[in-house]
Amino acid sequence: MTRLIVFAVILSLSSSSTAWAQRSTAPTKKTQYSKKKPAKRTKAAPAPTPAPSASDEEQAAPTPMEAEPKPAQPAQDAPRQPQEPQSTPPSAGDSSSMDFDLLGGEESASAAKVDPELERKISRRRTMLKLHQGLGFALTASLLTTTVVGQLQFNDSFRGGGDDRNLLGLHRGLAIGTSALFASVGLLGLLAPEPYEKKFQWDTITIHKLLMSVATVGMIAQVVLGIMSTHHYGRLSERDYAMAHQVVGYTTLGAVSAGVVTLFF
């Protein structure tokens with residue numbers, strides 16, 4: 001029994017001595033291992049650094065230390081009171097409103113007030129000028145006929161035509177009718193009302209008036225020379241009056257024809 005106990009004690013001592021020896025030798029090995037010089041290694045080429053991406057820049061960007069204060073939002077729990085729409089009158093330039101005036105206030109008011117006297121003058125002038133134009137064509141035809149008959153009578157009386165005076169009565173009747181027609185045409189043009197004030201200017205109407213003024217003087221001269229030629233029948237002066245009557249007749253015909261033509265060109 002004692003032998004077993006002694007043997008167990010020896011075993012325990014031997015095991016404890018071996019464990020202590022291992023613990024004591026462990027740091028010495030480490031120190032010896034640390035004293036060894038490390039082997040030299042060749043330095044590898046540095047790897048190329050990749051370009052920083054946008055996401056990296058955003059992450060690397062410094063964040064502001066203090067955020068901007070946000071405006072205070074109204075409390076959602078507070079009930080909103082309905083606002084009544086304000087009725088504003090549409091302005092004059094508002095395109096959505098159909099109540100606008102293109103002429104303006106004063107012009108539209110003046111346009112709305114029609115002067116009855118002005119309307120009567122315009123209507124009367126239009127009617128008289130239409131008659132003036134129509135009778136002007138008739139006057140030209142009548143004056144041309146009178147001139148042709150007068151030339152034939154002049155040839156019979158003073159150029160060896162027999163001097164029978166057969167066309168003298170016809171020529172006298174045409175002359176009276178043409179003179180009356182000429183006076184009517186002239187009065188229609190002169191008495192036509194002028195609803196608007198017109199300043200003097202050189203235009204077709206002004207030229208027409210000048211030509212008809214020449215024709216008026218010619219018509220008066222023709223009447224006087226025709227009467228003088230008849231009163232000097234059989235005398236030497238009759239031919240002179242008749243020739244002057246002839247020249248003035250052609251001049252009057254030319255002035256009337258030119259006056260009518262100027263109204264269409």
Side-chain angles (χ1 to χ4, degrees), residues 101-104 106-155 167 170-229 241-265:
D101 190 3
L102 296 177
L103 298 177
E106 296 180 358
E107 294 183 0
S108 60
S110 61
K113 298 179 180 179
V114 179
D115 188 3
E117 183 65 24
L118 180 63
E119 290 293 328
R120 282 195 296 268
K121 288 182 179 180
I122 294 174
S123 178
R124 190 186 310 163
R125 178 178 176 81
R126 185 181 297 112
T127 303
M128 294 178 70
L129 290 181
K130 284 183 178 180
L131 290 174
H132 176 80
Q133 184 179 8
L135 293 178
F137 288 110
L139 171 64
T140 306
S142 177
L143 186 60
L144 178 61
T145 305
T146 305
T147 304
V148 171
V149 173
Q151 182 63 47
L152 293 175
Q153 179 59 47
F154 182 86
N155 294 338
L167 299 176
L170 179 60
H171 177 70
R172 186 177 297 170
L174 289 172
I176 294 172
T178 303
S179 299
L181 189 59
F182 185 89
S184 301
V185 173
L187 288 175
L188 286 172
L190 291 175
L191 298 179
E194 291 284 349
Y196 305 105
E197 184 179 358
K198 184 178 179 181
K199 296 182 180 179
F200 177 81
Q201 58 182 357
W202 288 101
D203 53 3
T204 55
I205 302 299
T206 304
I207 297 174
H208 173 76
K209 291 179 179 179
L210 290 175
L211 292 172
M212 297 311 295
S213 299
V214 174
T216 302
V217 175
M219 288 295 297
I220 296 173
Q222 276 187 315
V223 172
V224 174
L225 291 172
I227 295 173
M228 295 296 294
S229 178
Y241 285 113
M243 188 174 291
H245 178 78
Q246 181 187 20
V247 172
V248 174
Y250 281 109
T251 304
T252 305
L253 177 62
V256 171
S257 301
V260 173
V261 171
T262 53
L263 294 178
F264 297 95
F265 296 97

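In this chain, residues are counted from 1 in sequence order. Just so it is clear, the model here is predicted, and its values are computed rather than measured.
- Considering every non-hydrogen atom in both Thr262 and Thr204, the closest pair reads O-CB, 3.6 Å.
- No donor-acceptor distance shorter than 3.5 angstrom exists from the side chain of His132 to the backbone of Gly186, with no hydrogens or angles considered.
- Put simply, the side chain of His245 never gets that close to the backbone of Leu225: no donor and acceptor are under 3.5 Å apart.
- For the atom pair Phe182 CZ and Thr140 OG1, the distance stands at 10.0 Å (nearest 0.5 Å).
- A donor-acceptor distance shorter than 3.5 angstrom exists from the side chain of Ser257 to the backbone of Leu253, with no hydrogens or angles considered.
- Nearest heavy atom pair, residue Pro193 against residue Pro195, reads O-CD, 3.3 Å.
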Atom pairs and distances, donor-acceptor, side-chain atoms in residues 208-221, under 3.5 Å, two or more places apart:
residue	atom	partner	partner atom	Å
His208	ND1	Gly259	O	2.6
Ser213	OG	Lys209	O	2.8
Thr216	OG1	Met212	O	2.7

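- The ring-ring contact (aromatic ring centres under 6.0 Å, His included) test applied to Tyr250 returns no partner, not counting sequence neighbours.
- The side-chain contact (heavy atoms from CB on, under 4.5 Å) with Arg125 is formed by just one residue from the set Lys130, Glu194, Arg120; it is Glu194.
- Counting all heavy atoms, side chain and backbone alike, Ser142 lies closest to Leu181 at CB-CD2, 4.3 Å.
- Considering every non-hydrogen atom in both Leu131 and Leu188, the closest pair reads CB-CD1, 3.7 Å.
- Residues satisfying the salt bridge (charged side-chain N to carboxylate O under 4.0 Å, His left out) criterion with Glu197, sequence neighbours excluded, are absent altogether.
- Residues His171 and Thr146 come closest through the heavy atom pair ND1-O, 3.2 Å.
- With hydrogens and angles disregarded, no donor-acceptor distance shorter than 3.5 Å links the side chain of Ser123 to the backbone of Glu119.
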**Asked** Are Gln133 and Leu263 close enough, and set up right, to give a side chain to side chain contact (heavy atoms under 4.5 Å, CB included), and what steps lead you there?
**Response** CA-CA 9 Å; Gln133 184 179 8; Leu263 294 178; 5.6 Å; no

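- Here NZ of Lys121 is found 8.0 Å from CG of Asp115. Values are rounded to the nearest 0.5 Å.
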**Item:** Working for side chain to side chain contact (heavy atoms under 4.5 Å, CB included), residues Thr178 and Leu139
**Value:** CA-CA 6 Å; Thr178 303; Leu139 171 64; 3.8 Å; yes

